[in-house]
Amino acid sequence: MQHRTYLQIPGPTNIPESILQTMHRPAINHRGGEFAELLRANIEGLQRIMQTKNDVLIFPGSGSGGLEAAVVNVLSPGDKVVAFNMGVFSDRFGVIARNFGAEVTTIDVEWGQAVTAGQLREVLAPDTAHTYKAILITHNETATCVTTELASIRAMLDELGHPAMFMVDAVSSLAINDLPTDELRIDVLVSASQKGLMLPGGLAIIAVSKKAWEAHKTATMPKWYWNFTAVKNRSAVGQMPYTPAISLFFGLRESLRLLEEEGLPNVLARHASNADAVRRGVQELGLELLVKNPAEQSNAVTAVMLPEGVAYEDLARSMEEMGVVIGGGLQRLEGKIFRIGHLGMLHMADVEVILGVLREALERLGWDGVATA
Ligand SMILES: Cc1ncc(COP(=O)(O)O)c(C=O)c1O
């Protein structure tokens with residue numbers, strides 16, 4: 001019997017029916033007027049959702065490709081940057097920079113905690129000669145389900161008068177958390193299609209500030225596919241430098257329409273209340289969250305400690321049999337946590353289904369800790 005699956009991994013998300021339908025159409029000429037109009041509408045829509053007047057570039061690629069594009073377009077080998085290891089994705093941002101020859105200072109943060117402005121200040125305050133060119137920050141570390149507050153980091157940079165570029169991975173926070181790109185003066189903001197935008201994977205989306213364009217002029221890390229200038233110049237005439245993922249461009253226009261119809265503030269508020277309900281629900285079941293500080297808990301995804309005696313594979317299989325797909329822990333959190341994605345198309349009734357299925361699975365697995373109150 002066919003039934004609806006609740007895809008509650010931390011992205012890709014459930015895809016709204018209207019997005020699926022709009023992508024189901026013949027290809028069009030990607031060097032014709034229809035594509036030019038589609039590209040223009042999508043760039044303008046993204047600028048509104050990203051709260052920026054900066055150039056927005058769309059690349060065919062995944063979020064990791066976007067991170068690589070960010071690094072190679074504004075940095076040169078030997079440039080000093082600060083990165084964080086607070087989970088898999090923040091680590092990846094730093095590794096990419098290191099692999100392309102940047103001199104990376106990595107600040108280790110306990111997995112499950114956010115980056116603080118104070119940690120960064122310790123590195124940047126003594127750097128009065130301004131040798132650090134950039135800081136690489138993951139807004140929402142999807143692997144640990146931790147959100148780092150960006151405003152205090154911007155304030156600290158301003159207070160120090162440090163000109164390092166503010167480079168932010170917003171793959172799992174765009175259209176989920178408030179992200180006032182221009183107000184925070186984010187120089188390079190990277191996102192992707194498969195999270196808050198509710199599309200399949202395949203588009204990397206990058207907003208580039210004037211300061212980042214200046215850095216780009218002299219940046220010497222090698223690049224071809226990811227070249228900002230090539231994409232900007234072709235976008236200006238309604239094209240891409242190569243064959244774009246046309247279906248995703250149709251899907252993106254519908255995604256932006258849906259987000260704007262609901263209204264960005266309402267989208268963000270819905271994510272906050274769904275996340276809150278998931279966190280309360282799992283705790284009411286007697287489970288423990290990985291992220292203890294409420295101010296750092298992600299509105300996109302929640303990490304739950306696997307209870308004693310319950311293996312992730314068994315829990316995931318049992319829930320999937322009932323129609324709910326969850327995610328596991330990555331790297332050092334493998335076998336320790338499971339993750340419930342609550343990003344994208346999700347309403348309170350869905351949250352109740354997810355929590356009900358979780359409870360049923362735990363009972364079927366014989367976990368005797370299910371709270372009965
Ligand atoms: C915060 C963050 N950054 C980067 C990535 C990498 O994106 P992709 O898997 O699309 O390459 C992800 C993927 O989940 C992510 O959550």
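We count residues from 1, following the sequence as given. Note that ligands are numbered from 1 as they come in the structure, with each ligand's atoms numbered from 1 the same way.
- Between the side chains of Thr181 and Gln51, no donor-acceptor pair of N or O atoms lies under 3.5 Å.
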Ignoring hydrogens and angles, write down the donor-acceptor pairs under 3.5 Å from the side chains of residues 155-176, residues two or more places apart or on other chains.
| from | atom 1 | to | atom 2 | distance (Å) |
| --- | --- | --- | --- | --- |
| Asp158 | OD1 | Arg154 | NE | 3.3 |
| Asp158 | OD1 | Arg154 | NH2 | 3.1 |
| Asp158 | OD1 | Arg185 | NH2 | 2.7 |
| Asp158 | OD2 | Arg185 | NH1 | 3.4 |
| Asp158 | OD2 | Arg185 | NH2 | 3.4 |
| Glu159 | OE1 | Arg121 | NH2 | 3.1 |
| Glu159 | OE2 | Arg121 | NH2 | 3.1 |
| His162 | ND1 | Ala164 | N | 3.1 |
| His162 | NE2 | Asp127 | OD2 | 2.7 |
| Asp169 | OD1 | Val171 | N | 2.8 |
| Ser172 | OG | Asn140 | O | 3.0 |
| Ser172 | OG | Asn140 | ND2 | 2.8 |
| Ser172 | OG | Thr142 | OG1 | 2.7 |
| Ser173 | OG | His139 | ND1 | 2.8 |

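- Sorted by chain and number, the heavy-atom contacts of ligand 1 below 4.0 Å come from Ser62, Gly63, Ser64, Phe89, Arg92, Thr138, Asn140, Thr142, Asp169, Val171, Ser172, Gln194, Lys195.
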Go through the steps to decide whether Gln8 and Asp350 satisfy the test side chain to side chain donor-acceptor pair (under 3.5 Å), and finish with yes or no. CA-CA 10 Å; Gln8 304 314 138; Asp350 303 313; over 6 Å; no

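- A salt bridge does not link Glu321 to Arg317: none of the charged nitrogens lies less than 4.0 Å from a carboxylate oxygen.
- Between His30 and Phe35, the distance separating the two ring centers is not shorter than 6.0 angstrom.
- A ring-centre distance under 6.0 Å is not found for Phe84 and Phe93.
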